[in-house]
Number of protein chains: 2
Amino acid sequence: MMVISGPFERHDHASCRTRALAQAEEVCGDRLTAVRRRVLEMLLESHVALGAYDVLERLRSEGHRAQPPVAYRALDFLVAQGLAHRIERLNAFIACHRPADCEAPAFLICRACNRVAETGNAPKRGALARDARALGFEIEETVIEAQGLCPTCQTP
Amino acid sequence: MMVISGPFERHDHASCRTRALAQAEEVCGDRLTAVRRRVLEMLLESHVALGAYDVLERLRSEGHRAQPPVAYRALDFLVAQGLAHRIERLNAFIACHRPADCEAPAFLICRACNRVAETGNAPKRGALARDARALGFEIEETVIEAQGLCPTCQTP
DNA sequence: TCAACCTTGTTATACTATAACATATCCCGT
DNA sequence: ACGGGATATGTTATAGTATAACAAGGTTGA
Ligand SMILES: [Zn+2]
Ligand SMILES: [Zn+2]
Ligand SMILES: [Zn+2]
Ligand SMILES: [Zn+2]
């Protein structure tokens with residue numbers, strides 16, 4: 001599978017955003033309520049991961065008197081629908097910019113600018129899957145998160 | 001690389017433990033102080049990941065009047081020496097049972113019994129490394145954590 | 001009508017992690 | 001012996017992340 005989202009390349013981020021939002025509406029219909037939609041829009045504003053409390057703060061700055069569970073619920077919903085991903089290493093969340101094509105995502109996290117690229121991977125064929133099979137371990141989900149420096153941040 | 005630690009297979013865990021401890025002493029010398037050694041021993045007691053506060057509680061139950069930084073410092077030291085690994089998904093730590101052979105670990109986490117197997121992987125050749133190279137992203141470290149069911153827990 | 005389900009509001013609390021400062025020890029060069 | 005740097009530990013306080021539990025409204029369909 002190829003790279004499916006390109007924060008580290010020049011791209012038309014506005015269409016990047018509107019496409020993802022359109023796909024979200026298609027997937028969720030009614031269930032994309034106001035708060036959920038607003039949180040998704042926040043995540044889509046950039047390719048930087050947001051913590052739950054970042055989201056909460058933004059909601060509050062918009063006049064919503066929200067408590068932590070509001071942010072977590074919205075994020076949990078988006079993750080469950082495949083519209084967002086949790087980045088374990090950052091305790092934070094990014095929007096999925098290609099929910100329709102996203103099956104087994106892996107992430108490239110720039111430790112300097114905090115942008116996160118989503119790439120696809122083929123876990124069924126890798127060394128990990130082979131080892132798991134040899135042990136009789138049944139993999140249900142794999143977290144793959146690489147940290148490093150994006151092209152921009154390599155040249156200070 | 002092959003599977004380097006076998007919690008999901010029948011194995012002689014006592015020697016599993018003493019070997020890791022011997023390697024730790026060799027790597028650290030003096031720097032494996034009493035607390036650090038004790039924490040490593042705790043992690044080596046089983047293949048289940050322990051949270052920092054689990055470690056803290058055990059220290060306290062042994063008469064050590066420890067505060068959270070004591071546990072975190074010991075764990076951070078062990079991780080820095082390659083004697084333990086942090087499991088991001090669990091916010092917890094496991095001992096490395098083969099520190100001498102451990103370069104780019106990946107983990108198999110059983111969601112039922114919480115045991116964690118460490119396996120090696122070859123990130124230089126995988127699809128992720130290829131995508132990163134295509135983007136000019138320089139990977140420094142990769143977290144690979146698979147969740148699922150170990151052989152024992154698949155048959156309830 | 002009412003029951004089941006989903007969504008949101010709200011309070012309180014649990015869990016995870018680190019900052020900051022104090023104290024002690026050891027090793028080393030003078 | 002002295003002083004200074006590096007390392008390790010002790011201690012207090014606080015920051016950051018996440019969820020339990022209960023209340024209340026809305027929709028849907030039997
Ligand atoms: Zn974009
Ligand atoms: Zn960057
Ligand atoms: Zn063992
Ligand atoms: Zn198991």
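Protein chains get the first letters and strands the later ones, always in sequence-line order, with residue 1 at the start of each.
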Assert yes or no for the condition that the ring centre distance of B:His85 to B:Phe107 is strictly below 6.0 Å.
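Yes, the ring of B:His85 comes within the 6.0 Å limit of the ring of B:Phe107, centre to centre.
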
What about A:His47 and A:His11, are their ring centers closer than 6.0 Å?
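Ring centroids of A:His47 and A:His11 are less than 6.0 Å from each other.
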
State plainly whether the residues B:Arg17 and B:Glu41 are in salt-bridge range, i.e. N to O under 4.0 Å.
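No salt bridge links B:Arg17 with B:Glu41.
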
For [N], take OP1 and OP2 only and decide whether either is under 4.0 Å from a side-chain N or O of [X].
{"X": "B:His64", "N": "D:dG10", "answer": "yes"}
{"X": "A:Arg73", "N": "D:dT19", "answer": "no"}
{"X": "B:Arg86", "N": "C:dA17", "answer": "yes"}
{"X": "A:Arg31", "N": "C:dT7", "answer": "yes"}
{"X": "A:Asn91", "N": "D:dG16", "answer": "no"}
{"X": "B:Arg65", "N": "D:dT11", "answer": "no"}

Measure from the side chain of B:Tyr72, starting at C-beta and using heavy atoms only, and say which of C:dT18, C:dT7, C:dG9 lies closest.
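Given the options C:dT18, C:dT7, C:dG9, the side chain of B:Tyr72 is closest to C:dT18.
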
Quick one: does A:Tyr53 reach the base of D:dA15 with a side-chain donor-acceptor pair under 3.5 Å?
no

Report the residue (B:Pro69 or A:Leu90) whose heavy-atom-nearest nucleotide on DNA chain D is the more 5′ of the two.
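Mapping each residue to its closest nucleotide by heavy atoms, the 5'-most match is B:Pro69.
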
Among A:Glu138, A:Glu141, A:Glu140, whose salt bridge (charged side-chain N to carboxylate O under 4.0 Å, His left out) with B:Arg111 holds?
A:Glu140

